[in-house]
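Note on naming: letters A, B, ... go to the chains in the order of the sequence lines (proteins, then strands), and numbering restarts at 1 for each one. Both backbone and side-chain heavy atoms feed into the values below; hydrogens, waters and symmetry mates do not.
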Protein chains: 2
Amino acid sequence: MRKKESTEKIFSASLRVFATYGYKKTTVEDIARELNMTKGNLYLYVKDKEDLYRKTVEFALLRWQDYVRGAIEDKADPRDKFLIMCHKAVEYLSIDDDFRSILIHDPEIFPMFTDNDPYEKINNNSVNMIKKILKDGIAKGVFRPVGITAMSKAIFSIYKMFIIRMYIRSEESHVRSMFEQTLDLITNGLFKQ
Amino acid sequence: MRKKESTEKIFSASLRVFATYGYKKTTVEDIARELNMTKGNLYLYVKDKEDLYRKTVEFALLRWQDYVRGAIEDKADPRDKFLIMCHKAVEYLSIDDDFRSILIHDPEIFPMFTDNDPYEKINNNSVNMIKKILKDGIAKGVFRPVGITAMSKAIFSIYKMFIIRMYIRSEESHVRSMFEQTLDLITNGLFKQ
DNA sequence: TGAATATTTAAACAAATTATTCATTTATTT
DNA sequence: AAATAAATGAATAATTTGTTTAAATATTCA
């Protein structure tokens, strides 16, 4: 197993285990076992358990972002892009059990924009994706000329809040309909009439 | 909390936690926390962690047996009793997540009839329930005169096997239809024509 | 009430588990 | 075959966990 090729294997296995037991209850050996390797070898890839966890969460966030990006890249209309992005971001939770579980175990993965967000860099990918859509939409004259940076952060905050709420209390279907209504509110405030 | 009244609370909380994490990963403190009490206090009720686990499983098995017994006690026809018992025993897993989980974590809960079965006494409740039904059915002339003890054990073995199989590999719907077919086989071999 | 009894706590300790390191071995590349 | 990279497994340090215990608090009932 060459180093370059194996990192994906390592973090997807690690995600699986962390998602199952949570940070505290998974041992480094649990993950090594899942990978059919020894603990010692794992420490070639990460500094310590916390580093392993952080990199695992980053891996999970990137996979989620790839899914969303892939779903909108061929769309031309900024309004389409925006709506599909919002829906796909939430729908992804239905198809990735591990991602969903890790969000429930650790609500800090999606922190509000605080001073030291460990995942700031990666969350900025999402914010930048939104930024581009807004910019494009404004340029094409289909969005009102809103403040791009602040609005992007606000929108990201809203749907990450829904993502967490929706799956911590997934029984409550009214959360989903609230999401739809909020989305309607955002877009109808955003679109030109 | 008086001692007499609290044992049920203790073991149902304990069941919940053991079912969530499995024996190894749950700590005595996890259970104490769930009960809003300290570890030290728990040791007034049980000898050690293993004793806590054993009593918890016994509690779970008794709850399951009560459910089945309750469903058949008002039935008169031994054939009804038999069929309902078999179905209810399996269906119970759908309504008690903790029971189902603990079975998956610990397949030894339903051991085959080996020399030292820690739950022998409680599993015998089930066997005796079957025995009574068979005896009654034979007396009333609706069952063939089979060997009651051996047949009861055989029947219990069959449905406990299905219970475990069904929920370890619950995706596979063919397991359920196999159960129905096996039940059909048992009853049509058992009933007089 | 208040003495007797039952329940709960919190701290302490020993034993077990876990994270981490490292010298050595095995595999791969050049 | 030499050099480099990857993996091992055993050893150690740090932390967690199971269990005990003395002291505190609550409950019972004479």
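As a whole-Å value, the separation of A/Glu29 CD from D/dA10 P is 12 Å. Between B/Leu42 atom CG and C/dT9 atom C1' there is a gap of 13 Å when expressed in whole angstrom units. Here the P atom of nucleotide C/dT18 and the CG atom of A/Leu52 are 16 Å apart, to the nearest Å. Between the OH atom of A/Tyr23 and the C1' atom of D/dT16 there is a distance of 14 Å, rounded to whole Å. One atom, CD of A/Glu50, and another, P of D/dT15, lie 13 Å apart when rounded to the nearest Å. To the nearest angstrom, P of C/dA14 lies 16 Å from OH of B/Tyr43. Here the C1' atom of nucleotide C/dT18 and the CG atom of A/Asp48 are 13 Å apart, to the nearest Å. A straight line from CG of A/Leu44 to C1' of C/dT20 spans 13 Å, rounded to a whole angstrom.
Phosphate contact (OP1/OP2 of D/dA5, side-chain N/O of A/Tyr45, threshold under 4.0 Å): absent. In this structure, A/Lys24 reaches the D/dT17 phosphate: one of its side-chain N or O atoms is under 4.0 Å from OP1 or OP2.
Comparing C/dT8, C/dT20, C/dT18 by their closest approach to the side chain of A/Lys39 singles out C/dT20. Side-chain proximity of A/Lys49 to D/dA6, C/dT8, C/dA19: nearest is C/dA19. When distances are taken from the side chain of B/Thr38 to each of C/dA10, D/dT17, D/dA7, the shortest belongs to C/dA10. Checking D/dT20, C/dA19, D/dA7 against every side-chain atom of A/Asn41, the shortest atom distance belongs to D/dA7.
When each of A/Lys25 and A/Gly40 is assigned the nucleotide of DNA chain C bearing its nearest heavy atom, the one mapping closer to the 5' terminus is A/Lys25.
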Inset, instruction - Evaluate side-chain contact (heavy atoms from CB on, under 4.5 Å) for A/Asp136 paired with A/Phe143, printing each intermediate quantity in order. - result: CA-CA 9 Å; A/Asp136 185 40; A/Phe143 291 166; over 6 Å; no
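Figure legend: cation-pi geometry between A/Lys25 and B/Tyr21, with NZ or CZ positioned under 6.0 Å from the six-membered ring centre and within 45° of its axis. A cation-pi contact links B/Lys49 to B/Tyr23, judged by a cut-off of 6.0 Å to the six-membered ring centre and 45° from its axis.
Counting only N and O atoms by type, the side chains of A/Asp96 and A/Tyr92 include a donor and acceptor under 3.5 Å apart.
Two residues are said to be in side-chain contact when any heavy atoms from C-beta on lie closer than 4.5 Å; B/Ser14 and B/Phe59 fail this criterion.
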